[in-house]
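For reference, the structure discussed in these notes is given below.
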There are 2 protein chains.
Amino acid sequence: MTSPSAAASSAATRSDAARNRGRLLDAAAGLIAERGSDVDVREIARRAEVGMGTLYRHFPTKEALLDAALEYVFTSWAASATAALTGRAWPDLSGFLADALTRQTASPGLLDAYCQALPGQAGNTARQHCRQQVGPLIADLVRAAHESGELRPDITAEDVSLLLVALGRIAPVVPEPAWRRILHVALDGLRTSAATPLPDAAQATPGH
Amino acid sequence: MTSPSAAASSAATRSDAARNRGRLLDAAAGLIAERGSDVDVREIARRAEVGMGTLYRHFPTKEALLDAALEYVFTSWAASATAALTGRAWPDLSGFLADALTRQTASPGLLDAYCQALPGQAGNTARQHCRQQVGPLIADLVRAAHESGELRPDITAEDVSLLLVALGRIAPVVPEPAWRRILHVALDGLRTSAATPLPDAAQATPGH
DNA sequence: CGTGAAACGGAGCACTCGCTCCGGCTACCG
DNA sequence: CGGTAGCCGGAGCGAGTGCTCCGTTTCACG
């Protein structure tokens, strides 16, 4: 996690102000990663070696700070995930999911934020951009896997997103082999060969 | 949700004490169902039409009260789930999962507690009994589905539990058709026909 | 009934957390 | 270098939350 300080200055900002802003973002990102989305502002300030006043001059509210920090984290996630693509559809898709869950294991707060950006969540507008970072990537992966014929055609990018969030909620909480098994099962369910008729978005009766 | 008051008296307890204990359990169970595991003790007391003192005489700590309430809820869940069994292995398994998720949709706090009882969670001992209510049932369902040959043989009851918890974490947060689709995909992945070699509990590489 | 042990209620304590306020300091301009 | 605009820090406020204390009321037994 390198510094996001670069994105600080727009006009003639005082240099110390820019530096402190960067420190706050770093500290917030780190704490979110370690402990999830409910962090104490005092602790962020302490970690950034900055006073409360400074924190609240740079960000109007705790929410705004977390939001800015998450945007940074998600952007870099999307970038590194994109860089890891090989062009082979199925390995890329499953690799992306495994990588996302590994990240989540290390930073339980990551998908927390992603989850809060699910459509229909109350007061989610501020977190939508988190989703916008990875959303298009997932859509691409899904499209490629459809074209290669390995992903069952009735699966949407939304389905994959939800699956990721669901698995992300347990990944930090169980030993890694356990969630890898579940991911494996899910991937098997996503394969063309496994397809049984899927309920569409309107109606639904899963069992048979 | 009928009254758990019956389980109140052991010796010559005063009748009002027994009644109030029951009210507290009812109120706690209701609030947990509605809003999840972080409820205000004052609100529990208010809903039970009881004072704070009463609450804390019956239960040494908030945790203990929630725990007792959850035990009640889980017991009745296990009972009604058992009653719904038909003897046909696969429909029973998928029906159980769908029913659990429907419950979770209505009471977001249900699987919260179940999740806290996952092995390896810190300070989970008090919630273990929640797991003990449904655990054996899942084990039975898995065993039956193995015997009927519909469930892939490399799946354990633990896998199914985890899958349930994972899906339960998103069920209350997305529209019902969405989580039904995911459940459907997961079930497809659990079928014998979908089986691709599963990483075992020790080593894991889910990839393609 | 009368009596006392036990239960009742809710004000209040100790603490946490998000946020504000303001006296002092410092980086930048001329 | 000096002046000042703007930034800095952290004590402190107000709103919550888990839990306790204790004066008052109620039940059940004789």
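Proteins get letters first, then strands, A, B, ... in listed order; numbering begins at 1 in each.
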Taking only side-chain nitrogens and oxygens of [X], does any of them come within less than 4.0 Å of OP1 or OP2 of [N]?
X	N	value
Asn20(A)	dC7(D)	no
Ser15(A)	dC28(C)	yes
Thr61(A)	dC19(C)	yes

Do the side chain of Arg42(A) and the base of dG9(D) come within less than 3.5 angstrom through a donor-acceptor pair of N or O atoms?
->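 Per atom types, no contact qualifies.
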Test Asp26(B) against Arg23(B) for salt bridge (Lys or Arg N to Asp or Glu O under 4.0 Å), laying out the working first.
-> CA-CA 5 Å; Asp26(B) 272 346; Arg23(B) 282 185 170 185; over 6 Å; no
Among dG18(C), dT17(D), dA7(C), which nucleotide sits nearest the side chain of Ala17(B)?
->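 Between dG18(C), dT17(D), dA7(C), the one nearest the side chain of Ala17(B) would be dA7(C).
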Please report the distance, rounded to the nearest Å, between [atom1] in [X] and [atom2] in [N].
X	N	atom1	atom2	value
Glu63(B)	dT17(D)	CD	P	16 Å
Arg23(A)	dC7(D)	CZ	C1'	14 Å
Asp40(A)	dA15(D)	CG	C1'	15 Å
Arg19(A)	dC7(D)	CZ	C1'	11 Å
Arg21(B)	dC8(C)	CZ	P	12 Å
Leu65(B)	dT17(D)	CG	P	16 Å
Arg14(B)	dA5(C)	CZ	C1'	8 Å

With the threshold set at 4.0 Å, does a side-chain nitrogen-carboxylate oxygen contact exist between Arg131(A) and Glu158(A)?
->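 Here Arg131(A) pairs with Glu158(A) in a salt bridge, since their nearest N and O are under 4.0 Å apart.
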Should the pair Asp140(B)-Arg143(B) be classified as a salt bridge under the 4.0 Å nitrogen-to-oxygen rule?
->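 The answer is yes: the pair qualifies as a salt bridge.
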Extract all donor-acceptor atom pairs below 3.5 Å that involve side chains of residues 43-54 of chain A and protein atoms in other chains or at least two apart in sequence.
from     : atom 1 : to       : atom 2 : distance (Å)
Glu43(A) : OE1    : Arg35(A) : NH2    : 3.1
Glu43(A) : OE2    : Arg35(A) : NH2    : 2.1
Arg47(A) : NH2    : Glu34(A) : OE2    : 2.7

Does Thr86(A) offer a backbone N or O that forms a donor-acceptor pair with the side chain of Asp92(A) under 3.5 Å?
->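 It does hold such a pair.
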DNA chain C: Asp16(A) or Asp38(A), which has the more 5' nearest nucleotide?
->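 The answer here is Asp38(A).
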Closest approach of Ala145(A) and Leu93(A), non-hydrogen atoms and distance?
->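 Shortest heavy-atom contact: CB-CD2, 4.2 Å.
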Any residue of residues 44-60 of chain B with a heavy atom less than 4.0 Å from an atom of DNA chain C |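 Hits under 4.0 Å, by residue number: Glu49(B), Val50(B), Gly51(B), Met52(B), Gly53(B), Thr54(B), Arg57(B), His58(B).
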Which side-chain N or O atoms in residues 100-111 of chain A pair as donor and acceptor under 3.5 Å with protein atoms at least two apart or in another chain?
from      : atom 1 : to        : atom 2 : distance (Å)
Thr102(A) : OG1    : Ala98(A)  : O      : 2.8
Arg103(A) : NE     : Asp99(A)  : OD2    : 3.2
Arg103(A) : NH2    : Ser80(A)  : OG     : 2.4
Gln104(A) : OE1    : Leu111(A) : N      : 2.9
Gln104(A) : NE2    : Pro108(A) : O      : 3.0
Gln104(A) : NE2    : Gly168(A) : O      : 3.1
Thr105(A) : OG1    : Leu101(A) : O      : 2.8
Thr105(A) : OG1    : Trp179(A) : NE1    : 3.3
Ser107(A) : OG     : Arg103(A) : O      : 3.2

